[in-house]
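Quick caveat, the model's predicted, so the values are computed rather than measured. Side chains included, hydrogens not; waters and symmetry mates left out as well; all remaining heavy atoms used. Below, read A as the first sequence line, B as the second, and so on, with proteins coming before strands; counting in each chain starts at 1.
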2 protein chains.
Amino acid sequence: MSTAERKAREKEALKLLILKGAKKLFLERGIEQTTIRNIADEIDYSVGTVYVYFKDKNAILHDLHSIGFEELGGYFKELFSIKDPMERLKKMGFTYIKFALENTEMYDLMFIVKAPMEFIETSEKEAWNEGVGTFGALKKTVEECMNKGHFKGNSLEPLSFMIWSMVHGMCSLEIRQRTKGVKFSNPDTILFDGYNEYLKIIEKL
Amino acid sequence: MSTAERKAREKEALKLLILKGAKKLFLERGIEQTTIRNIADEIDYSVGTVYVYFKDKNAILHDLHSIGFEELGGYFKELFSIKDPMERLKKMGFTYIKFALENTEMYDLMFIVKAPMEFIETSEKEAWNEGVGTFGALKKTVEECMNKGHFKGNSLEPLSFMIWSMVHGMCSLEIRQRTKGVKFSNPDTILFDGYNEYLKIIEKL
DNA sequence: TTATTTTTTGAACAGTGTTCATTTTTTGAA
DNA sequence: TTCAAAAAATGAACACTGTTCAAAAAATAA
């Protein structure tokens, strides 16, 4: 192996080290409470070094948001073995909520925080591939449902968006403290209770 | 009128002046780009004065979020004249989305930004009255629908939460740039297209 | 007029993201 | 092994943030 190759690998390794340190601090104290200095301290490098490997804070947040989508992919993996599309669609929403509740800080970064989208805007990156791909998986499942005779009279893309919005709405209200504020009869299970109402409805469609 | 009375009125007026200045800047440049110094400059007072009238930035954000709910109340006003609860429920969601799209910065503050809820936590304020009241209006309408024989087999509170989540999900995905990322066939109308799919579904229930 | 109270001020503090001249380390030809 | 050139790492410095609080200014009322 050449020196150039090794250097490239070392550069990649340090980039991952920074991301790993950043993620650790995010989970420990939250995204907003984590500073570049914290991250540099965590991995025993100086602030300057962090800026050698990342253009700015948004770049770190974007890369971390991509890692979040990989983790969501892990949650989704088992879904693809489910042949019945309606069954898969139901489990997909359930899995989505489960991911959000078990990875609140990551979910926040992926779907609520502005930084990752700002990074995409201010860089030559073509699009939000992570979001496009995930929404595509939902759309494909809804399409299979329609091909089997479900959702008569509905349109694929808007219907898929509606379903995504519903699960995202529940998760984001929870994560941004709005369910806590409303004091439900059963606050600990309101997300899944709400999702069950949706299941009852689509079972008829 | 006594001096004390006048002073109390003047204090209230200055508080409102600060909020007015803050709102102006929020709409002009966004919440995150507005600083206490900006607000002080805008109304020709010093930073120190702002802190005499508000405990901290969260307190300003909370009061402004309350103003947002008053404005949402204005949008909702005409709904109460609609006698048919199903008709009212449909229009309510439509109005909610309209408000969010016409007042994105305010909607963000009311339902996404953490600060107003943090203020409630760290003060002797009992609860999120604004949210409780608004959700109560939805729940009441859903209840009337159920009393008229709709939504058979569903539970009031989780169903209402599901409906709220759906419209909030659409609005927050839009406001936090996630619809832009996903490049829909018809991005300009996707919120209302999505909402129409929901309408088609509940028409059968 | 003047002592007291109320209101306003803005410098100061500890923190933030970011930059970049300087130092340290690594490299590979002599 | 030596040592100039290249690469990597550094941290002080800059302009900004929210927040505090002693001091100054203004308003009050005796």
Side-chain angles (χ1 to χ4, degrees), chain A residues 1-19 21-22 25-26 28-64 109 113-116 118-119 121-123, chain B residues 1-19 21-22 25-26 28-64 109 113-116 118-119 121-123:
Chain A
M1 71 186 123
S2 76
T3 308
E5 275 173 33
R6 199 198 71 236
K7 286 229 167 179
R9 259 188 296 114
E10 280 174 0
K11 262 183 104 166
E12 198 52 38
L14 185 43
K15 228 178 157 175
L16 286 172
L17 183 68
I18 292 168
L19 290 172
L25 294 177
F26 280 8
E28 271 174 26
R29 32 159 101 195
I31 295 165
E32 278 166 9
Q33 276 64 49
T34 302
T35 71
I36 305 285
R37 279 172 185 80
N38 294 156
I39 297 169
D41 278 3
E42 174 69 28
I43 59 170
D44 294 317
Y45 275 89
S46 70
V47 268
T49 303
V50 174
Y51 278 90
V52 171
Y53 291 84
F54 291 93
K55 193 186 133 281
D56 54 22
K57 205 184 180 185
N58 279 359
I60 300 177
L61 262 32
H62 175 268
D63 276 17
L64 225 41
L109 187 57
V113 171
K114 285 177 178 169
E118 284 171 359
F119 175 81
E121 274 176 15
T122 63
S123 83
Chain B
M1 75 191 115
S2 76
T3 308
E5 275 172 34
R6 199 198 71 237
K7 286 227 168 178
R9 259 188 296 113
E10 281 174 0
K11 262 182 103 166
E12 198 52 38
L14 185 42
K15 225 178 158 176
L16 286 172
L17 183 68
I18 292 168
L19 290 172
L25 295 177
F26 279 8
E28 270 174 27
R29 31 160 101 198
I31 295 165
E32 278 166 8
Q33 276 65 47
T34 301
T35 70
I36 305 285
R37 279 172 185 81
N38 294 156
I39 298 169
D41 278 4
E42 174 70 27
I43 59 170
D44 295 315
Y45 275 88
S46 69
V47 270
T49 303
V50 174
Y51 278 91
V52 170
Y53 292 85
F54 291 93
K55 195 184 133 284
D56 54 21
K57 204 183 181 185
N58 279 358
I60 300 176
L61 262 33
H62 175 268
D63 276 17
L64 226 42
L109 187 57
V113 171
K114 284 177 180 170
E118 283 171 359
F119 175 81
E121 273 177 15
T122 63
S123 83

- [ ] Would you indicate, yes or no, if D:dT10 has its OP1 or OP2 atom less than 4.0 angstrom from a side-chain nitrogen or oxygen of A:Ser46?
- [x] yes

TODO: Return the value, rounded to whole Å, for the distance between atom NZ of A:Lys15 and atom P of D:dA9.
DONE: 14 Å

Task: Length of the line joining A:Asp56:CG and C:dT18:P, which is rounded to integer Å - done: 5 Å

Open item on the list: Without decimals, in angstroms, what is the distance between A:Tyr51 OH and C:dT16 C1'?
Closed with: 9 Å

TODO: Have a look at A:Ile39 and say if it touches a base, only the backbone sugar-phosphate, or nothing, with a 4.0 Å heavy-atom cut-off.
DONE: nothing

Task: Donor/acceptor link under 3.5 angstrom from A:Arg37 side chain onto base of C:dG15 - done: no

Task: Under 4.0 angstrom between A:Tyr53 side-chain N/O and D:dA9 OP1 or OP2 - done: yes

TODO: Send over the distance from B:Asn38 CG to D:dT17 P, rounded to a whole Å.
DONE: 6 Å

Open item on the list: Looking at D:dA13, which nucleotide sits across from it as a Watson-Crick or G-U wobble partner, both distances under 3.5 angstrom, or is there none?
Closed with: C:dT18

Open item on the list: Base, sugar-phosphate or nothing for A:Thr35? Non-hydrogen atoms, less than 4.0 Å.
Closed with: sugar-phosphate

- [ ] Report the distance from atom CD of A:Glu5 to atom P of D:dA7, rounded to the nearest whole Å.
- [x] 17 Å

Open item on the list: Do A:Ile18 and A:Phe54 have side chains that approach each other closer than 4.5 Å (heavy atoms only, starting at C-beta)?
Closed with: yes

Open item on the list: Between P on C:dT19 and CZ on A:Phe54, what's the gap in Å once rounded to a whole number?
Closed with: 15 Å

Open item on the list: Show, in sequence, the C-alpha distance, side-chain angles and deciding distance for A:Leu61 and A:Phe119, and conclude whether the side chain to side chain contact (heavy atoms under 4.5 Å, CB included) test is met.
Closed with: CA-CA 8 Å; A:Leu61 262 32; A:Phe119 175 81; over 6 Å; no

TODO: Would you classify A:Ile60 as touching base, sugar-phosphate or nothing, given that sugar-phosphate means primed atoms plus P, OP1 and OP2, and contacts are heavy atoms under 4.0 Å?
DONE: nothing

TODO: Between B:Lys11 and A:Val52, name the one whose nearest nucleotide on DNA chain C is closer to the 5' end.
DONE: B:Lys11

- [ ] Would you mind reading off the distance between B:Ile36 atom CD1 and D:dT20 atom P, rounded to a whole angstrom?
- [x] 11 Å

Open item on the list: Output the rounded distance in Å from CG (B:Asp44) to P (C:dT9).
Closed with: 9 Å

- [ ] Calculate, to the nearest 0.5 Å, the distance between atoms CD1 and CG belonging to A:Ile43 and A:Leu17 respectively.
- [x] 4.5 Å

Task: C:dT26 base / A:Arg6 side chain donor-acceptor hit below 3.5 Å - done: no

TODO: For A:Glu10 and for A:Lys55, find the nucleotide of DNA chain C with the closest heavy atom, then tell me which residue's nucleotide is more 5'.
DONE: A:Lys55

Open item on the list: Within this structure, what is the CG-CD1 distance for the pair B:Leu109 and B:Ile31, rounded to the nearest 0.5 Å?
Closed with: 4.5 Å

- [ ] Report the base-pairing partner of C:dG28 (Watson-Crick or G-U wobble, both distances below 3.5 angstrom), or none.
- [x] D:dC3

- [ ] Hey, which sits more toward the 5' end of DNA chain D by its nearest nucleotide, B:Thr34 or B:Thr49?
- [x] B:Thr34

Task: Any donor-acceptor pair under 3.5 Å from A:Thr34 side chain to A:Gly30 backbone - done: yes

